[in-house]
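Worth knowing before you read on, the calculation uses all heavy atoms, side chains too, and leaves out hydrogens, waters and symmetry mates.
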Amino acid sequence: MKHSYLFLADGFEEIEAIATVDVLRRCGMTVNTVAINPDGQATGANGVVVTADRVIDDVELDPGTEWLICPGGMPGASNLASCEKLSGMLTAHYSNGGRIAAICAAPAVVLAPLGILSGRKATCYPGFESMVEDGEMTGDPVVALDTLVTGNGPGNTIAFALAIASVSRGTQAAGEVASGMMVRK
């Protein structure tokens with residue numbers, strides 16, 4: 001069975017994490033939140049404390065792993081980037097053709113240093129583009145490719161999550177969830 005992981009570190013952007021998990025689960029996807037902190041909790045950029053489904057030390061990639069998802073926020077993205085196990089997982093998953101998604105600061109802060117954006121179109125929070133030396137930063141709200149989805153910030157979280165769902169479940173399934181949530185374009 002396919003499953004995905006969304007990673008949480010202290011300073012994560014709450015809406016980018018929680019709304020993404022919510023939308024993907026509404027689409028029937030199995031998404032587990034994963035704390036990089038050993039106590040299984042992470043405090044968001046605005047003080048919301050979340051208890052994750054798992055801790056990173058208990059997570060291993062397997063053939064059923066579909067998406068690795070990184071929310072932004074600061075210092076959340078920097079904390080994710082400093083997690084060696086997560087960096088190794090992202091690099092291995094990318095190298096094996098796995099799907100990766102990141103929003104806000106995370107594309108520039110977490111993915112770019114690992115070479116994941118190299119030669120690809122992507123977007124990130126305005127002002128972080130200069131950290132991406134070899135990717136094509138579009139400035140679009142969301143950029144959805146076959147194995148990479150990036151978003152530019154909190155206000156586009158629903159569109160970001162629906163783009164992930166579209167890649168995994170198809171545009172019709174994502175559209176039905178969007179309609180049920182009263183998302184308007």
Side-chain angles (χ1 to χ4, degrees), residues 1-117 122 124-125 142 144 147-151 153-154 157-158 160-165 167-169:
M1 182 170 150
K2 290 186 178 183
H3 54 272
S4 300
Y5 300 113
L6 183 138
F7 297 92
L8 299 172
D10 287 336
F12 72 95
E13 179 62 53
E14 291 94 339
I15 193 170
E16 294 170 357
I18 303 306
T20 298
V21 171
D22 179 277
V23 169
L24 297 179
R25 288 181 179 175
R26 286 174 191 250
C27 286
M29 296 174 64
T30 300
V31 182
N32 289 286
T33 55
V34 179
I36 66 167
N37 296 335
D39 68 358
Q41 293 192 328
T43 302
N46 297 295
V48 177
V49 178
V50 173
T51 301
D53 300 316
R54 297 178 162 192
V55 295
I56 196 163
D57 289 340
D58 296 338
V59 173
E60 297 297 329
L61 299 180
D62 61 48
T65 305
E66 185 174 17
W67 289 93
L68 301 183
I69 305 166
C70 296
M74 290 301 279
S78 294
N79 289 335
L80 289 177
S82 69
C83 178
E84 289 182 25
K85 180 165 183 178
L86 176 58
S87 293
M89 291 172 75
L90 289 164
T91 302
H93 196 60
Y94 173 73
S95 296
N96 291 323
R99 295 172 168 168
I100 294 175
I103 188 169
C104 197
V109 174
V110 181
L111 302 186
L114 301 175
I116 293 171
L117 302 184
C124 67
Y125 195 83
V142 175
T147 59
L148 177 67
V149 174
T150 54
T157 300
I158 301 297
F160 167 76
L162 288 169
I164 296 168
V167 172
S168 290
R169 297 287 197 237

Which heavy atom of Pro71 sits nearest to which heavy atom of Ala106, and what is that distance? O-CB, 3.6 Å

Spacing of Leu148 atom CG and Ile116 atom CD1 [to the nearest 0.5 Å]: 8.0 Å

Over all heavy atoms of both residues, which pair between Cys70 and Leu90 is shortest? Give the atoms and the distance, please. SG-CD1, 4.2 Å

Taking all heavy atoms of Ile36 and all of Ile56, pick out the closest pair and write down the distance. CA-CG2, 3.9 Å

OH/Tyr125: more than 12 non-hydrogen atoms of other groups inside 6.0 Å: no

So CD1 of Ile69 and CD1 of Ile103: to nearest 0.5 Å the spacing works out to 10.5 Å

Would a distance-only check, ignoring hydrogens and angles, find a side-chain to backbone donor-acceptor pair under 3.5 Å from Glu66 to Ser4? no

For Tyr5 and Phe7, take the angle between the two ring planes, folded into 0 to 90°, and tell me which bin it lands in: parallel under 30, tilted 30 to 60, perpendicular over 60. tilted

Measuring from atom CH2 of Trp67 to atom NE2 of His3, what distance do you get when rounded to the nearest 0.5 angstrom? 14.5 Å

Looking only at non-hydrogen atoms, find the nearest pair between Val55 and Asn37 and report the distance. CG1-O, 3.7 Å

Under a 3.5 Å distance rule, please check whether Thr150 uses its side chain to pair with a backbone N or O of Ala122 as donor and acceptor. no

Which distance, rounded to the nearest 0.5 Å, do you find between the CD1 of Ile18 and the OG1 of Thr157? 11.0 Å

Asp53 side chain vs Thr33 backbone, donor-acceptor pair below 3.5 Å: yes

With a 3.5 Å distance limit and no angle check, can you tell me whether Asp62 reaches the backbone of Gly64 through a side-chain donor-acceptor pair? yes

If I take atom CD1 from residue Ile15 and atom OG1 from residue Thr20, how far apart are they, to the nearest 0.5 angstrom? 9.0 Å

Would a distance-only check, ignoring hydrogens and angles, find a side-chain to backbone donor-acceptor pair under 3.5 Å from Asn79 to Ala9? no

Do Gln41 and Thr51 pair up side chain to side chain, a donor and an acceptor below 3.5 Å, judged on atom types alone? yes

Closest non-hydrogen atom pair between Gly28 and Arg169, with its separation: O-NH2, 2.7 Å

Quick check: does any side chain N or O of Arg25 sit under 3.5 Å from a backbone N or O of Thr30, one acting as donor and the other as acceptor? no

Got a salt bridge between Lys85 and Asp58, using NZ or NE/NH1/NH2 to carboxylate O under 4.0 Å? no

State, to 0.1 Å, how close Leu8 and Val50 come at their nearest heavy-atom pair, and which atoms those are. CD1-CG1, 3.8 Å

Report the C-alpha separation of Lys2 and Ser168 in whole Å, then their side-chain angles, then the decisive distance to 0.1 Å, and conclude whether the side chain to side chain contact (heavy atoms under 4.5 Å, CB included) test is met. CA-CA 10 Å; Lys2 290 186 178 183; Ser168 290; over 6 Å; no

Could you tell me whether a side-chain N or O of Thr91 sits under 3.5 Å from a main-chain N or O of Gly88, the two making a donor and an acceptor? no

His93 and Thr65 side chains, donor-acceptor separation under 3.5 Å: no

